[in-house]
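This report concerns only the one structure given below.
To find a chain, count down the sequence lines: A is the first, B the second, and so on, and within it residues start at 1.
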Protein chains: 2
Amino acid sequence: LVNGRLDNRVEWCDRGFQYGDGVFTTLPIRSGRPILLGRHVARLERDCGRLGIPFDYSDEVVAEALELCRHQPNGILKIQVTRGPGGRGYRPPEAPRPTRVLSTHNCPDYDPGLWLSGVAVRMCVNRLGCNTALAGIKHMNRLEQILARAEWGADTVHEGLMLDQNGLLIEGTMSNVFLVRGGRLMTPRLDRCGVAGIMRSLIMETARQEGIAIEERAISAAELPTAEEIFLTNSTIGIWPVSRLESACLPVGPLTARLLDLLDARLEEGR
Amino acid sequence: LVNGRLDNRVEWCDRGFQYGDGVFTTLPIRSGRPILLGRHVARLERDCGRLGIPFDYSDEVVAEALELCRHQPNGILKIQVTRGPGGRGYRPPEAPRPTRVLSTHNCPDYDPGLWLSGVAVRMCVNRLGCNTALAGIKHMNRLEQILARAEWGADTVHEGLMLDQNGLLIEGTMSNVFLVRGGRLMTPRLDRCGVAGIMRSLIMETARQEGIAIEERAISAAELPTAEEIFLTNSTIGIWPVSRLESACLPVGPLTARLLDLLDARLEEGR
(Lines give C-alpha, C1' and ligand atoms only; values in the text may rest on other atoms or scores of the structure.)
Protein backbone atom coordinates (compact mmCIF):
# COMPACT_ATOMS: atom_id res chain seq x y z
CA LEU A 1 0.00 0.00 0.00
CA VAL A 2 1.56 3.28 -1.12
CA ASN A 3 -0.29 6.21 0.45
CA GLY A 4 -3.31 3.97 0.93
CA ARG A 5 -3.40 2.62 -2.62
CA LEU A 6 -2.44 -0.85 -3.75
CA ASP A 7 0.81 -0.28 -5.64
CA ASN A 8 4.29 -1.72 -5.80
CA ARG A 9 6.12 1.35 -7.09
CA VAL A 10 7.08 4.75 -5.73
CA GLU A 11 8.03 7.99 -7.45
CA TRP A 12 11.66 8.07 -8.45
CA CYS A 13 12.00 11.60 -7.02
CA ASP A 14 10.83 10.45 -3.58
CA ARG A 15 13.45 11.54 -1.08
CA GLY A 16 13.36 8.05 0.36
CA PHE A 17 14.87 6.83 -2.93
CA GLN A 18 17.11 9.88 -3.39
CA TYR A 19 18.69 10.08 0.06
CA GLY A 20 17.20 7.45 2.40
CA ASP A 21 15.26 10.40 3.82
CA GLY A 22 12.72 8.55 5.95
CA VAL A 23 12.05 6.10 8.79
CA PHE A 24 10.57 2.63 9.12
CA THR A 25 9.46 0.01 11.55
CA THR A 26 8.80 -3.73 11.37
CA LEU A 27 6.44 -5.78 13.53
CA PRO A 28 4.98 -9.27 13.68
CA ILE A 29 1.41 -10.20 12.72
CA ARG A 30 -0.08 -13.01 14.80
CA SER A 31 -3.58 -14.35 14.10
CA GLY A 32 -4.39 -11.22 12.14
CA ARG A 33 -3.21 -8.86 14.90
CA PRO A 34 -0.30 -6.44 14.36
CA ILE A 35 1.61 -6.86 17.63
CA LEU A 36 2.28 -3.64 19.58
CA LEU A 37 1.12 -1.54 16.63
CA GLY A 38 0.46 1.46 18.87
CA ARG A 39 4.04 1.53 20.09
CA HIS A 40 5.38 1.19 16.56
CA VAL A 41 3.25 4.02 15.23
CA ALA A 42 4.23 6.22 18.18
CA ARG A 43 7.87 5.52 17.37
CA LEU A 44 7.34 6.42 13.69
CA GLU A 45 5.84 9.73 14.84
CA ARG A 46 8.72 10.38 17.22
CA ASP A 47 11.38 9.50 14.63
CA CYS A 48 9.67 11.65 11.96
CA GLY A 49 9.59 14.50 14.47
CA ARG A 50 13.33 14.26 15.03
CA LEU A 51 13.99 14.41 11.27
CA GLY A 52 11.52 17.26 10.76
CA ILE A 53 9.14 15.16 8.65
CA PRO A 54 5.62 16.48 9.26
CA PHE A 55 3.78 13.19 9.63
CA ASP A 56 0.17 13.24 10.77
CA TYR A 57 -1.23 10.15 9.12
CA SER A 58 -1.13 7.87 12.15
CA ASP A 59 -4.84 7.08 11.94
CA GLU A 60 -4.46 6.14 8.27
CA VAL A 61 -1.44 3.97 9.07
CA VAL A 62 -3.35 2.11 11.78
CA ALA A 63 -6.38 1.56 9.53
CA GLU A 64 -4.22 0.41 6.62
CA ALA A 65 -2.20 -1.88 8.88
CA LEU A 66 -5.34 -3.59 10.19
CA GLU A 67 -6.64 -3.96 6.64
CA LEU A 68 -3.38 -5.58 5.44
CA CYS A 69 -3.30 -7.93 8.43
CA ARG A 70 -6.67 -9.32 7.42
CA HIS A 71 -5.04 -10.60 4.24
CA GLN A 72 -1.88 -11.89 5.94
CA PRO A 73 -2.87 -13.15 9.39
CA ASN A 74 0.64 -14.39 10.19
CA GLY A 75 3.79 -12.69 9.02
CA ILE A 76 5.63 -9.40 9.19
CA LEU A 77 4.32 -5.89 8.66
CA LYS A 78 6.72 -3.19 7.52
CA ILE A 79 5.79 0.50 7.61
CA GLN A 80 7.94 3.17 5.95
CA VAL A 81 7.44 6.93 6.06
CA THR A 82 9.57 9.18 3.86
CA ARG A 83 9.72 12.95 3.39
CA GLY A 84 7.97 12.38 0.06
CA PRO A 85 8.70 13.77 -3.40
CA GLY A 86 11.33 16.48 -3.72
CA GLY A 87 13.54 18.31 -6.15
CA ARG A 88 17.28 17.85 -6.53
CA GLY A 89 19.34 18.94 -3.54
CA TYR A 90 19.46 18.12 0.16
CA ARG A 91 17.30 21.03 1.29
CA PRO A 92 13.95 19.63 2.49
CA PRO A 93 10.87 20.93 0.60
CA GLU A 94 9.08 23.73 2.42
CA ALA A 95 5.81 21.79 2.51
CA PRO A 96 6.70 18.10 2.35
CA ARG A 97 4.03 15.56 1.38
CA PRO A 98 5.29 12.44 3.21
CA THR A 99 4.98 9.04 1.55
CA ARG A 100 3.82 6.05 3.58
CA VAL A 101 4.36 2.49 2.41
CA LEU A 102 2.93 -0.52 4.21
CA SER A 103 3.84 -4.04 3.16
CA THR A 104 3.39 -7.55 4.52
CA HIS A 105 5.95 -10.32 4.29
CA ASN A 106 6.19 -13.98 5.22
CA CYS A 107 7.98 -14.82 8.46
CA PRO A 108 11.63 -15.76 7.94
CA ASP A 109 11.95 -19.54 8.36
CA TYR A 110 14.16 -19.59 11.45
CA ASP A 111 14.51 -22.91 13.27
CA PRO A 112 12.09 -22.69 16.25
CA GLY A 113 14.79 -24.34 18.36
CA LEU A 114 16.80 -21.09 18.29
CA TRP A 115 14.53 -19.53 20.92
CA LEU A 116 15.32 -22.44 23.29
CA SER A 117 18.90 -23.39 22.53
CA GLY A 118 20.14 -19.98 21.47
CA VAL A 119 21.81 -18.42 18.44
CA ALA A 120 25.39 -18.08 17.24
CA VAL A 121 26.75 -14.55 17.01
CA ARG A 122 29.88 -13.05 15.49
CA MET A 123 31.66 -9.74 16.06
CA CYS A 124 31.41 -7.53 12.96
CA VAL A 125 34.44 -5.76 11.54
CA ASN A 126 32.30 -2.87 10.29
CA ARG A 127 31.64 -0.27 12.94
CA LEU A 128 28.91 2.30 13.52
CA GLY A 129 29.56 6.00 13.05
CA CYS A 130 28.48 8.33 15.86
CA ASN A 131 25.97 11.11 15.39
CA THR A 132 23.79 12.27 18.27
CA ALA A 133 21.28 13.82 15.84
CA LEU A 134 20.53 10.39 14.30
CA ALA A 135 21.17 8.11 17.31
CA GLY A 136 18.20 5.96 18.29
CA ILE A 137 16.19 6.68 15.13
CA LYS A 138 15.14 3.76 12.92
CA HIS A 139 15.89 5.74 9.77
CA MET A 140 16.44 4.55 6.22
CA ASN A 141 20.21 5.24 6.07
CA ARG A 142 21.30 1.67 6.58
CA LEU A 143 24.55 1.17 4.66
CA GLU A 144 26.47 0.46 7.88
CA GLN A 145 24.15 -2.45 8.70
CA ILE A 146 24.27 -3.69 5.10
CA LEU A 147 28.08 -3.76 5.04
CA ALA A 148 28.12 -5.52 8.42
CA ARG A 149 25.49 -8.07 7.37
CA ALA A 150 27.46 -8.76 4.18
CA GLU A 151 30.44 -9.87 6.28
CA TRP A 152 29.11 -13.42 6.60
CA GLY A 153 26.99 -15.75 4.52
CA ALA A 154 26.85 -18.95 6.56
CA ASP A 155 23.45 -19.85 7.99
CA THR A 156 25.23 -21.17 11.07
CA VAL A 157 25.79 -17.59 12.26
CA HIS A 158 22.54 -15.82 13.09
CA GLU A 159 23.56 -12.30 13.95
CA GLY A 160 26.59 -10.00 14.20
CA LEU A 161 27.35 -7.54 17.00
CA MET A 162 28.56 -4.06 16.10
CA LEU A 163 30.81 -1.66 17.96
CA ASP A 164 30.99 2.09 17.51
CA GLN A 165 34.12 3.97 16.43
CA ASN A 166 35.34 4.02 20.04
CA GLY A 167 35.03 0.28 20.55
CA LEU A 168 31.84 0.45 22.58
CA LEU A 169 29.30 -2.32 22.10
CA ILE A 170 26.12 -0.91 20.53
CA GLU A 171 23.81 -3.52 18.98
CA GLY A 172 23.38 -6.32 16.45
CA THR A 173 22.89 -5.59 12.75
CA MET A 174 19.12 -6.09 13.21
CA SER A 175 18.72 -6.39 16.98
CA ASN A 176 19.49 -4.81 20.33
CA VAL A 177 21.68 -6.60 22.84
CA PHE A 178 21.42 -7.24 26.60
CA LEU A 179 24.05 -8.65 28.96
CA VAL A 180 23.45 -10.31 32.33
CA ARG A 181 25.99 -10.24 35.15
CA GLY A 182 25.33 -10.97 38.82
CA GLY A 183 21.58 -11.06 38.26
CA ARG A 184 21.61 -7.58 36.75
CA LEU A 185 20.65 -6.64 33.21
CA MET A 186 22.58 -4.15 31.15
CA THR A 187 22.17 -2.78 27.64
CA PRO A 188 24.18 -0.20 25.69
CA ARG A 189 23.20 3.42 25.91
CA LEU A 190 22.16 4.62 22.43
CA ASP A 191 22.79 8.34 22.64
CA ARG A 192 25.54 8.43 20.00
CA CYS A 193 24.46 5.68 17.57
CA GLY A 194 22.23 2.63 17.30
CA VAL A 195 18.51 2.01 16.93
CA ALA A 196 16.31 2.19 20.04
CA GLY A 197 14.13 -0.85 19.35
CA ILE A 198 10.54 -1.27 20.51
CA MET A 199 11.37 -4.72 21.91
CA ARG A 200 14.35 -3.24 23.75
CA SER A 201 12.16 -0.70 25.52
CA LEU A 202 9.53 -3.34 26.28
CA ILE A 203 12.15 -5.57 27.90
CA MET A 204 13.50 -2.65 29.92
CA GLU A 205 9.98 -1.77 31.04
CA THR A 206 9.21 -5.38 31.94
CA ALA A 207 12.44 -5.73 33.91
CA ARG A 208 11.68 -2.60 35.91
CA GLN A 209 8.14 -3.79 36.68
CA GLU A 210 9.50 -7.14 37.84
CA GLY A 211 12.14 -5.58 40.06
CA ILE A 212 15.03 -6.79 37.89
CA ALA A 213 17.95 -4.38 38.07
CA ILE A 214 18.55 -2.85 34.64
CA GLU A 215 21.28 -0.48 33.64
CA GLU A 216 21.52 1.46 30.37
CA ARG A 217 25.14 2.51 30.00
CA ALA A 218 28.33 2.58 27.92
CA ILE A 219 29.52 -1.03 27.56
CA SER A 220 32.94 -1.75 26.11
CA ALA A 221 33.55 -4.78 23.92
CA ALA A 222 35.94 -6.00 26.63
CA GLU A 223 32.96 -6.58 28.94
CA LEU A 224 31.40 -9.17 26.65
CA PRO A 225 33.46 -12.12 27.95
CA THR A 226 32.42 -11.22 31.52
CA ALA A 227 28.70 -11.61 30.73
CA GLU A 228 27.00 -14.64 32.25
CA GLU A 229 24.13 -14.46 29.78
CA ILE A 230 23.64 -12.50 26.55
CA PHE A 231 20.43 -12.12 24.58
CA LEU A 232 19.23 -10.21 21.54
CA THR A 233 15.90 -8.45 21.04
CA ASN A 234 13.98 -7.49 17.92
CA SER A 235 10.28 -6.83 17.44
CA THR A 236 9.72 -9.64 14.98
CA ILE A 237 11.84 -12.14 16.93
CA GLY A 238 11.21 -11.20 20.54
CA ILE A 239 14.16 -12.56 22.53
CA TRP A 240 16.94 -14.73 21.11
CA PRO A 241 19.29 -16.19 23.73
CA VAL A 242 22.93 -16.14 22.58
CA SER A 243 24.56 -19.56 23.01
CA ARG A 244 27.74 -18.81 21.08
CA LEU A 245 29.73 -15.62 20.67
CA GLU A 246 32.58 -16.20 18.21
CA SER A 247 34.23 -19.32 19.69
CA ALA A 248 32.87 -18.91 23.24
CA CYS A 249 29.86 -20.91 24.44
CA LEU A 250 27.25 -19.47 26.77
CA PRO A 251 24.38 -21.11 28.64
CA VAL A 252 20.81 -20.00 28.09
CA GLY A 253 20.69 -18.61 31.62
CA PRO A 254 17.90 -18.17 34.15
CA LEU A 255 17.29 -14.45 33.65
CA THR A 256 17.01 -14.85 29.87
CA ALA A 257 14.57 -17.74 30.37
CA ARG A 258 12.52 -15.69 32.82
CA LEU A 259 12.30 -12.74 30.44
CA LEU A 260 11.28 -15.07 27.60
CA ASP A 261 8.36 -16.24 29.78
CA LEU A 262 7.44 -12.74 30.90
CA LEU A 263 7.48 -11.51 27.30
CA ASP A 264 5.29 -14.39 26.12
CA ALA A 265 2.75 -13.66 28.83
CA ARG A 266 2.84 -9.96 28.07
CA LEU A 267 2.35 -10.35 24.31
CA GLU A 268 -0.39 -12.92 25.01
CA GLU A 269 -2.24 -10.25 26.96
CA GLY A 270 -1.63 -7.90 24.05
CA ARG A 271 0.06 -5.19 26.09
CA LEU B 1 15.38 6.79 -17.55
CA VAL B 2 15.05 3.78 -15.23
CA ASN B 3 17.23 0.92 -16.51
CA GLY B 4 17.12 2.48 -19.96
CA ARG B 5 13.37 2.96 -20.12
CA LEU B 6 11.49 6.23 -19.87
CA ASP B 7 9.82 6.00 -16.48
CA ASN B 8 9.36 8.12 -13.38
CA ARG B 9 8.84 5.36 -10.86
CA VAL B 10 10.94 2.64 -9.25
CA GLU B 11 10.02 -0.59 -7.51
CA TRP B 12 9.11 -0.07 -3.89
CA CYS B 13 11.29 -3.02 -2.88
CA ASP B 14 14.38 -1.46 -4.49
CA ARG B 15 17.10 -1.35 -1.87
CA GLY B 16 17.69 2.26 -2.80
CA PHE B 17 14.25 3.03 -1.40
CA GLN B 18 14.50 0.56 1.48
CA TYR B 19 17.92 1.49 2.86
CA GLY B 20 19.58 4.15 0.69
CA ASP B 21 21.62 1.23 -0.65
CA GLY B 22 23.23 2.89 -3.65
CA VAL B 23 25.43 5.67 -5.01
CA PHE B 24 24.96 8.70 -7.23
CA THR B 25 26.71 11.47 -9.05
CA THR B 26 25.69 14.82 -10.49
CA LEU B 27 27.28 16.71 -13.38
CA PRO B 28 26.63 19.71 -15.57
CA ILE B 29 25.44 19.57 -19.19
CA ARG B 30 26.80 22.37 -21.39
CA SER B 31 25.78 22.69 -25.05
CA GLY B 32 24.58 19.10 -25.02
CA ARG B 33 27.83 17.75 -23.54
CA PRO B 34 27.88 15.99 -20.15
CA ILE B 35 30.98 17.54 -18.58
CA LEU B 36 33.63 15.08 -17.33
CA LEU B 37 31.22 12.16 -17.83
CA GLY B 38 34.07 9.65 -17.96
CA ARG B 39 35.33 10.66 -14.53
CA HIS B 40 31.84 10.52 -13.07
CA VAL B 41 31.15 7.05 -14.46
CA ALA B 42 34.53 5.85 -13.19
CA ARG B 43 33.62 7.16 -9.74
CA LEU B 44 30.24 5.36 -9.86
CA GLU B 45 32.09 2.14 -10.64
CA ARG B 46 34.59 2.70 -7.84
CA ASP B 47 31.90 3.56 -5.29
CA CYS B 48 29.78 0.55 -6.32
CA GLY B 49 32.84 -1.62 -5.92
CA ARG B 50 33.39 -0.42 -2.38
CA LEU B 51 29.77 -1.24 -1.46
CA GLY B 52 29.89 -4.61 -3.22
CA ILE B 53 27.33 -3.61 -5.86
CA PRO B 54 28.20 -5.54 -9.06
CA PHE B 55 27.80 -2.75 -11.58
CA ASP B 56 28.87 -3.38 -15.15
CA TYR B 57 26.56 -1.11 -17.09
CA SER B 58 28.97 1.73 -17.67
CA ASP B 59 28.55 1.59 -21.45
CA GLU B 60 24.76 1.76 -21.07
CA VAL B 61 25.10 4.68 -18.65
CA VAL B 62 27.28 6.61 -21.09
CA ALA B 63 24.93 5.95 -24.01
CA GLU B 64 21.85 6.90 -21.99
CA ALA B 65 23.56 10.02 -20.65
CA LEU B 66 24.42 11.21 -24.16
CA GLU B 67 20.86 10.50 -25.28
CA LEU B 68 19.36 12.51 -22.39
CA CYS B 69 21.74 15.41 -23.02
CA ARG B 70 20.40 15.73 -26.55
CA HIS B 71 17.03 16.63 -25.04
CA GLN B 72 18.42 18.94 -22.34
CA PRO B 73 21.49 20.67 -23.81
CA ASN B 74 22.01 22.83 -20.71
CA GLY B 75 21.30 21.67 -17.19
CA ILE B 76 22.23 19.01 -14.69
CA LEU B 77 22.49 15.26 -15.19
CA LYS B 78 22.04 12.99 -12.17
CA ILE B 79 22.95 9.30 -12.27
CA GLN B 80 21.97 6.89 -9.50
CA VAL B 81 22.94 3.23 -9.17
CA THR B 82 21.32 1.09 -6.45
CA ARG B 83 21.73 -2.54 -5.45
CA GLY B 84 18.33 -3.13 -7.07
CA PRO B 85 15.28 -5.06 -5.85
CA GLY B 86 15.62 -7.10 -2.68
CA GLY B 87 13.69 -8.85 0.04
CA ARG B 88 13.26 -7.65 3.60
CA GLY B 89 16.44 -7.55 5.66
CA TYR B 90 19.86 -5.95 5.37
CA ARG B 91 21.59 -8.94 3.82
CA PRO B 92 22.40 -8.13 0.19
CA PRO B 93 20.83 -10.46 -2.42
CA GLU B 94 23.23 -13.12 -3.67
CA ALA B 95 22.82 -12.03 -7.29
CA PRO B 96 21.85 -8.34 -7.21
CA ARG B 97 20.30 -6.75 -10.29
CA PRO B 98 21.39 -3.11 -9.88
CA THR B 99 18.99 -0.33 -10.81
CA ARG B 100 20.27 2.70 -12.72
CA VAL B 101 18.32 5.94 -12.90
CA LEU B 102 19.38 8.87 -15.07
CA SER B 103 17.58 12.19 -14.89
CA THR B 104 18.08 15.72 -16.18
CA HIS B 105 17.26 18.87 -14.28
CA ASN B 106 17.34 22.59 -14.89
CA CYS B 107 20.32 24.51 -13.54
CA PRO B 108 19.65 26.12 -10.16
CA ASP B 109 19.20 29.87 -10.71
CA TYR B 110 22.21 31.11 -8.78
CA ASP B 111 23.23 34.73 -9.25
CA PRO B 112 26.15 34.65 -11.76
CA GLY B 113 27.87 37.27 -9.59
CA LEU B 114 28.56 34.63 -6.93
CA TRP B 115 31.45 33.22 -8.98
CA LEU B 116 33.07 36.67 -8.98
CA SER B 117 32.19 38.23 -5.65
CA GLY B 118 31.93 35.03 -3.65
CA VAL B 119 29.36 33.27 -1.48
CA ALA B 120 28.33 33.49 2.17
CA VAL B 121 28.91 30.41 4.26
CA ARG B 122 27.80 29.35 7.74
CA MET B 123 29.13 26.75 10.15
CA CYS B 124 26.63 23.91 10.58
CA VAL B 125 25.67 22.61 14.02
CA ASN B 126 25.09 19.10 12.64
CA ARG B 127 28.27 17.07 12.39
CA LEU B 128 29.38 14.14 10.27
CA GLY B 129 29.77 10.67 11.74
CA CYS B 130 33.01 8.84 11.02
CA ASN B 131 33.16 5.51 9.23
CA THR B 132 36.20 4.55 7.18
CA ALA B 133 34.15 1.98 5.21
CA LEU B 134 31.88 4.72 3.83
CA ALA B 135 34.30 7.69 3.77
CA GLY B 136 34.73 9.27 0.36
CA ILE B 137 31.80 7.45 -1.25
CA LYS B 138 28.96 9.49 -2.78
CA HIS B 139 26.35 7.09 -1.41
CA MET B 140 22.63 7.57 -0.92
CA ASN B 141 22.68 7.74 2.91
CA ARG B 142 22.38 11.50 3.16
CA LEU B 143 20.44 12.28 6.34
CA GLU B 144 23.43 14.09 7.84
CA GLN B 145 23.55 16.50 4.90
CA ILE B 146 19.77 16.93 4.97
CA LEU B 147 19.72 17.85 8.67
CA ALA B 148 22.63 20.25 8.11
CA ARG B 149 20.98 21.85 5.05
CA ALA B 150 17.74 22.26 7.03
CA GLU B 151 19.58 24.46 9.54
CA TRP B 152 19.08 27.59 7.45
CA GLY B 153 16.48 28.85 5.01
CA ALA B 154 17.74 32.30 4.04
CA ASP B 155 18.90 32.71 0.45
CA THR B 156 21.61 35.04 1.71
CA VAL B 157 23.58 32.03 2.97
CA HIS B 158 24.76 29.79 0.14
CA GLU B 159 26.41 26.87 1.85
CA GLY B 160 27.21 25.42 5.28
CA LEU B 161 30.50 23.89 6.38
CA MET B 162 30.43 20.66 8.37
CA LEU B 163 32.82 19.30 10.99
CA ASP B 164 33.22 15.68 12.01
CA GLN B 165 32.64 14.37 15.53
CA ASN B 166 36.17 15.38 16.50
CA GLY B 167 35.84 18.99 15.36
CA LEU B 168 37.81 18.53 12.16
CA LEU B 169 36.68 20.48 9.10
CA ILE B 170 35.43 18.07 6.42
CA GLU B 171 33.31 19.70 3.69
CA GLY B 172 30.21 21.70 2.81
CA THR B 173 26.76 20.09 2.73
CA MET B 174 27.06 19.82 -1.07
CA SER B 175 30.65 20.82 -1.77
CA ASN B 176 34.27 20.24 -0.88
CA VAL B 177 36.34 22.99 0.70
CA PHE B 178 39.84 24.36 0.09
CA LEU B 179 41.85 26.81 2.17
CA VAL B 180 44.75 28.98 1.02
CA ARG B 181 47.54 30.13 3.33
CA GLY B 182 50.93 31.46 2.31
CA GLY B 183 50.33 30.59 -1.35
CA ARG B 184 49.66 26.95 -0.43
CA LEU B 185 46.42 25.06 -0.95
CA MET B 186 44.99 22.67 1.60
CA THR B 187 41.89 20.53 1.71
CA PRO B 188 40.61 18.10 4.37
CA ARG B 189 41.64 14.47 4.19
CA LEU B 190 38.52 12.36 3.65
CA ASP B 191 39.57 9.01 5.07
CA ARG B 192 37.03 8.97 7.92
CA CYS B 193 34.04 10.81 6.43
CA GLY B 194 33.04 13.14 3.61
CA VAL B 195 32.51 12.81 -0.13
CA ALA B 196 35.56 12.81 -2.43
CA GLY B 197 34.16 15.06 -5.16
CA ILE B 198 35.16 14.89 -8.83
CA MET B 199 35.75 18.66 -8.87
CA ARG B 200 37.91 18.34 -5.74
CA SER B 201 40.19 15.83 -7.44
CA LEU B 202 40.30 17.88 -10.64
CA ILE B 203 41.40 20.97 -8.67
CA MET B 204 44.05 18.94 -6.83
CA GLU B 205 45.30 17.57 -10.14
CA THR B 206 45.34 21.01 -11.75
CA ALA B 207 47.22 22.51 -8.80
CA ARG B 208 49.88 19.80 -8.98
CA GLN B 209 50.30 20.31 -12.73
CA GLU B 210 50.68 24.06 -12.22
CA GLY B 211 53.22 23.65 -9.44
CA ILE B 212 50.89 24.97 -6.76
CA ALA B 213 51.64 23.38 -3.37
CA ILE B 214 48.66 21.31 -2.26
CA GLU B 215 48.26 19.45 0.97
CA GLU B 216 45.52 16.96 1.86
CA ARG B 217 45.44 16.69 5.63
CA ALA B 218 43.46 16.90 8.87
CA ILE B 219 42.30 20.52 9.26
CA SER B 220 40.76 21.66 12.52
CA ALA B 221 37.94 24.19 12.58
CA ALA B 222 40.31 26.49 14.48
CA GLU B 223 42.40 26.87 11.32
CA LEU B 224 39.57 28.47 9.36
CA PRO B 225 40.19 32.02 10.63
CA THR B 226 43.86 31.73 9.61
CA ALA B 227 42.95 31.07 5.96
CA GLU B 228 43.73 33.89 3.53
CA GLU B 229 41.33 32.51 0.93
CA ILE B 230 38.64 29.86 1.08
CA PHE B 231 36.76 28.32 -1.82
CA LEU B 232 34.22 25.57 -2.39
CA THR B 233 34.11 23.04 -5.21
CA ASN B 234 31.26 21.01 -6.68
CA SER B 235 30.91 19.43 -10.11
CA THR B 236 27.86 21.43 -11.12
CA ILE B 237 29.21 24.71 -9.71
CA GLY B 238 32.94 24.48 -10.35
CA ILE B 239 34.61 26.86 -7.89
CA TRP B 240 32.77 29.23 -5.58
CA PRO B 241 35.01 31.74 -3.78
CA VAL B 242 33.93 32.27 -0.15
CA SER B 243 33.58 35.96 0.68
CA ARG B 244 31.90 35.59 4.06
CA LEU B 245 32.27 32.89 6.71
CA GLU B 246 29.78 33.55 9.51
CA SER B 247 30.51 37.20 10.34
CA ALA B 248 34.04 37.31 8.89
CA CYS B 249 34.72 38.79 5.44
CA LEU B 250 37.30 37.33 3.07
CA PRO B 251 38.71 38.64 -0.19
CA VAL B 252 38.40 36.66 -3.41
CA GLY B 253 42.14 36.09 -3.44
CA PRO B 254 44.68 35.61 -6.22
CA LEU B 255 45.03 31.83 -5.96
CA THR B 256 41.25 31.30 -6.08
CA ALA B 257 41.05 33.60 -9.13
CA ARG B 258 43.89 31.74 -10.82
CA LEU B 259 42.24 28.36 -10.24
CA LEU B 260 38.94 29.71 -11.58
CA ASP B 261 40.75 30.66 -14.81
CA LEU B 262 42.63 27.35 -15.01
CA LEU B 263 39.41 25.42 -14.48
CA ASP B 264 37.57 27.40 -17.16
CA ALA B 265 40.36 26.70 -19.64
CA ARG B 266 40.45 23.06 -18.72
CA LEU B 267 36.71 22.50 -19.05
CA GLU B 268 36.78 24.46 -22.30
CA GLU B 269 39.25 21.93 -23.65
CA GLY B 270 36.96 19.20 -22.38
CA ARG B 271 39.56 17.45 -20.28
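In this structure, the separation between CD1 on A:Ile170 and CZ on A:Arg192 is 8.5 Å, given to the nearest 0.5 Å. Rounded to the nearest 0.5 Å, atoms CZ (A:Phe231) and CH2 (A:Trp115) are 15.5 Å apart.
Contacts with chain A were tallied for B:Gly20, B:Gly129, B:Gly16; B:Gly16 has the most, counting heavy-atom pairs under 4.5 Å. Between chain B and the options A:Thr132, A:Ile137, A:Asp21, A:Leu128, heavy-atom pairs under 4.5 Å are most frequent for A:Asp21. Among B:Glu151, B:Met140, B:Glu11, B:Arg15, the residue with the largest count of heavy-atom pairs under 4.5 Å with chain A is B:Met140. Between chain B and the residues A:Met174, A:Lys78, A:Arg83, the most heavy-atom pairs under 4.5 angstrom are made by A:Lys78. If you tally non-hydrogen atom pairs under 4.5 Å between each of A:Ile76, A:Asp14, A:Thr26 and chain B, the highest count goes to A:Ile76. Of all the listed residues (A:Asn131, A:Thr82, A:Val10), the one sharing the greatest number of non-hydrogen pairs under 4.5 Å with chain B is A:Val10. Contact count against chain B (heavy-atom pairs under 4.5 Å) is highest for A:Arg88 among A:His139, A:Glu144, A:Arg88.
The parts of B:Gln145 that come within reach of chain A are both its backbone and its side chain, each placing non-hydrogen atoms under 4.5 angstrom from that chain. Of the atoms belonging to B:Ile146, heavy atoms from both backbone and side chain fall under 4.5 Å from chain A. A:Asp164 does not touch chain B: none of its heavy atoms, backbone or side chain, sits under 4.5 Å away. Residue contact with chain B, scored on non-hydrogen atoms closer than 4.5 Å, involves the backbone of A:Arg127 exclusively. When heavy atoms are compared at a cutoff of 4.5 Å, A:Glu94 does not approach chain B at all. Within the 4.5 angstrom heavy-atom criterion, atoms from both the backbone and the side chain of A:Leu143 approach chain B.
For B:Gln165 and A:Gln165, the side-chain atoms include no donor-acceptor pair closer than 3.5 Å. Side-chain atoms of B:Arg43 and B:Thr25 include a donor-acceptor pair closer than 3.5 Å. Between the side chains of A:Asn3 and A:Glu60, no donor-acceptor pair of N or O atoms lies under 3.5 Å.
At distances below 3.5 Å, at least one donor-acceptor pair connects side-chain atoms of A:Asp47 with backbone N or O atoms of A:Lys138. With hydrogens and angles ignored, the 3.5 Å screen pairs no side-chain donor or acceptor of A:Asn166 with any backbone N or O of A:Leu168.
A:His105 pairs in a side-chain contact (heavy atoms from CB on, under 4.5 Å) with only one of the listed residues (A:Cys107, A:Pro108, A:Ser103), which is A:Ser103.
Cation-pi geometry between B:Arg149 and A:Tyr90 is not met: the NZ or CZ atom fails to fall both under 6.0 Å from the ring centre and inside 45° of the normal.
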